[in-house]
There are 2 protein chains.
Amino acid sequence: MIPKFEAIKRAISSEIEQGQWREHQQVPSENALAERFGCSRMTARRALTELVEQGVLVRSQGLGTFVAPFKSQGSMMAIRNIAEEIRERGHQHSAQLLLLKQVAAEAEVAIALSVPNGSAIFRSCLLHQENGQPVQLEDRYVNPALVPDYLAQGFDRQTPHEYLSQVAPLTQAHHLVEAVAPSEVQQRLLALATPEPCLQICRRTWSSQGVVSYARLLHPGSRFRLGGHLMVESTSR
Amino acid sequence: MIPKFEAIKRAISSEIEQGQWREHQQVPSENALAERFGCSRMTARRALTELVEQGVLVRSQGLGTFVAPFKSQGSMMAIRNIAEEIRERGHQHSAQLLLLKQVAAEAEVAIALSVPNGSAIFRSCLLHQENGQPVQLEDRYVNPALVPDYLAQGFDRQTPHEYLSQVAPLTQAHHLVEAVAPSEVQQRLLALATPEPCLQICRRTWSSQGVVSYARLLHPGSRFRLGGHLMVESTSR
DNA sequence: ACACCAAGGTTGTATATACAAGAATATACC
DNA sequence: GGTATATTCTTGTATATACAACCTTGGTGT
């Protein structure tokens, strides 16, 4: 038996996903929702509150509650995987494996992975989608010395990140975030009508053994952003 | 006047930070807290709920509420100011003050600063240059209640960030990073020949008193990258 | 025409209450 | 001793109510 507030959350999410309630549109007031779902205002309110925390809705005292502009959001502070983040938003994640093979390391990648120039490394290329819409193009290079069975994976039930986390637990990571224009191929893969700015994250991850992987994650600027919250603790602790 | 649940949150946080309540230790039950703080159980419960969402506490039905183990992941991005970063690279930082005045808060800004819509706030606009080349367009809104003397500053020897850090020491910050196309005005100010992708950072900063400032920092994608390093400590015990 | 105020609708805070569900402990029973 | 069972304490869900704070709108008075 799912709780009422959960049922209300899903009903509201559903309305939004199916386009009944559009971006910036006002959703029914707490009292109206209470009446519609046959519950008290407090229960309807709880559903709204949790959706606001998830970034699905925005509220303003005295004004009303509105559908938030949709944009997937990744976390800056923690290394999370995109599938998790998408599922946490209550959306559907899917991915297509575009490429998975052994290649010779080019200069940039060789340096990033700390392997000799031209040595054999593994490369995978995946397109991640949120509710069927492309949000991330993942171009990843993997150190075969640390992850010898990488090519044997299917990546249909597990993302590369999830697999790597199991095989070689991450101890360090380095990020580089920049705004770039997509190449024509990238633009086509991300299903962008026009060449809009993209957010690229280049991520190097280490396990205790050394550099595990180097990934270039490309996101359409209109559909993805990075968020981070920082709390400064009092210096006493 | 701060709300009761907020006061309770701070009291609990304080207990934890000062080591009175240790990791994994059980905190008083909701009923006990209600009695201690002279409020209803629902109010005490709300305080706990929000602290659980912040990761300070963990709850388990039937068992109790406990102090969460401290986070092992360090922050990935320090709040730095652009002038420092530039000087650290051995380059020369300069800035032009483009605008500094009182304005009426538009909807988006009003929400970000948690002030009533249309109320008077301060706005500043600066262009930061590295060796004479524009690297950041800083569009900042400041809460006058917390920083009454903001307009009296010259910002020729001190950046707004530096000034704010002194006047209202920061306790929290929230970041949103996205890739956007610059407007014509922005493109001209940043001295971009073509409309190249830009990296925009929207930053909200809090002091203990509340939201201090909301800033939109726009950087040319070709001249600015955001880096971050993360180290995972061994999570023993 | 303009400034001001009142009314109504919205979200925000706070309380009192009730029962459900989970977990540990004490108790009764065999 | 071992096994149920009952009790009690905890968090989880749900409701009804009251008032505060905020925003918009419309009317009122000047």
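Side chains are part of it too, since the values below use all heavy atoms of this structure and drop only hydrogens, waters and symmetry mates. Letters go in sequence order (proteins before strands), and every chain restarts at 1.
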Does [X] come within less than 4.0 Å of [Y], counting only side-chain N to carboxylate O?
{"X": "B/E50", "Y": "B/R46", "answer": "yes"}
{"X": "B/R10", "Y": "B/E17", "answer": "no"}
{"X": "A/E130", "Y": "A/R223", "answer": "no"}

Is the phosphate of [N], meaning OP1 or OP2, less than 4.0 Å from a side-chain N or O of [X]?
{"X": "B/R45", "N": "D/dG12", "value": "yes"}
{"X": "A/R46", "N": "D/dA14", "value": "no"}
{"X": "B/R59", "N": "D/dG12", "value": "yes"}
{"X": "B/T65", "N": "D/dT10", "value": "no"}

Whole angstrom value for the distance that separates [atom2] of [N] from [atom1] of [X]:
{"X": "B/K9", "N": "C/dA14", "atom1": "NZ", "atom2": "P", "value": "12 Å"}
{"X": "A/F37", "N": "D/dA14", "atom1": "CZ", "atom2": "C1'", "value": "16 Å"}
{"X": "B/N117", "N": "D/dC22", "atom1": "CG", "atom2": "P", "value": "12 Å"}
{"X": "A/L33", "N": "C/dG9", "atom1": "CG", "atom2": "P", "value": "16 Å"}
{"X": "B/F5", "N": "C/dT15", "atom1": "CZ", "atom2": "C1'", "value": "15 Å"}
{"X": "A/I2", "N": "C/dA21", "atom1": "CD1", "atom2": "C1'", "value": "17 Å"}
{"X": "B/N31", "N": "C/dA18", "atom1": "CG", "atom2": "P", "value": "14 Å"}
{"X": "A/K4", "N": "D/dG12", "atom1": "NZ", "atom2": "P", "value": "20 Å"}

**Report entry** Side-chain heavy atoms of A/V177 within contact of A/Q200, under 4.5 Å
**Finding:** no
Report task. Using the closest heavy atom to pick a nucleotide of DNA chain D for each, name whichever of B/A32 or B/M42 lands nearer the 5' end. Result -> B/A32
Requested in this report: Could you pick out which residue, A/C39 or A/Q61, lies toward the 5' side of DNA chain D when each is mapped onto its nearest nucleotide?
Outcome: A/C39
Query - Check: B/R41 side chain, D/dG12 base, donor-acceptor under 3.5 Å - result: yes
**Report entry** Close aromatic pair by centroid cut-off 6.0 Å: B/F155 and B/Y150
**Finding:** yes
Report task. Indicate, with yes or no, if the rings of A/H128 and A/H93 have centres closer together than 6.0 Å. Result -> yes
Shortest side-chain distance from [X], nucleotide among [options]:
{"X": "B/S40", "options": "C/dT15, C/dT10, D/dT13", "result": "C/dT15"}
{"X": "B/T43", "options": "C/dT15, C/dA24, D/dT15", "result": "C/dT15"}
{"X": "B/E30", "options": "D/dA14, C/dG12, D/dT11", "result": "D/dT11"}

Query raised in the report: Is the NZ or CZ atom of B/R204 positioned over B/Y214's six-membered ring, under 6.0 angstrom from the centre and within 45° of the axis?
Result: no
Query raised in the report: So which of residues 105-113 of chain B are in contact with DNA chain C, with a heavy-atom cut-off of under 4.0 Å?
Result: none
Requested in this report: Could you tell me whether the side chains of A/R59 and A/T49 share a donor-acceptor contact shorter than 3.5 Å?
Outcome: yes
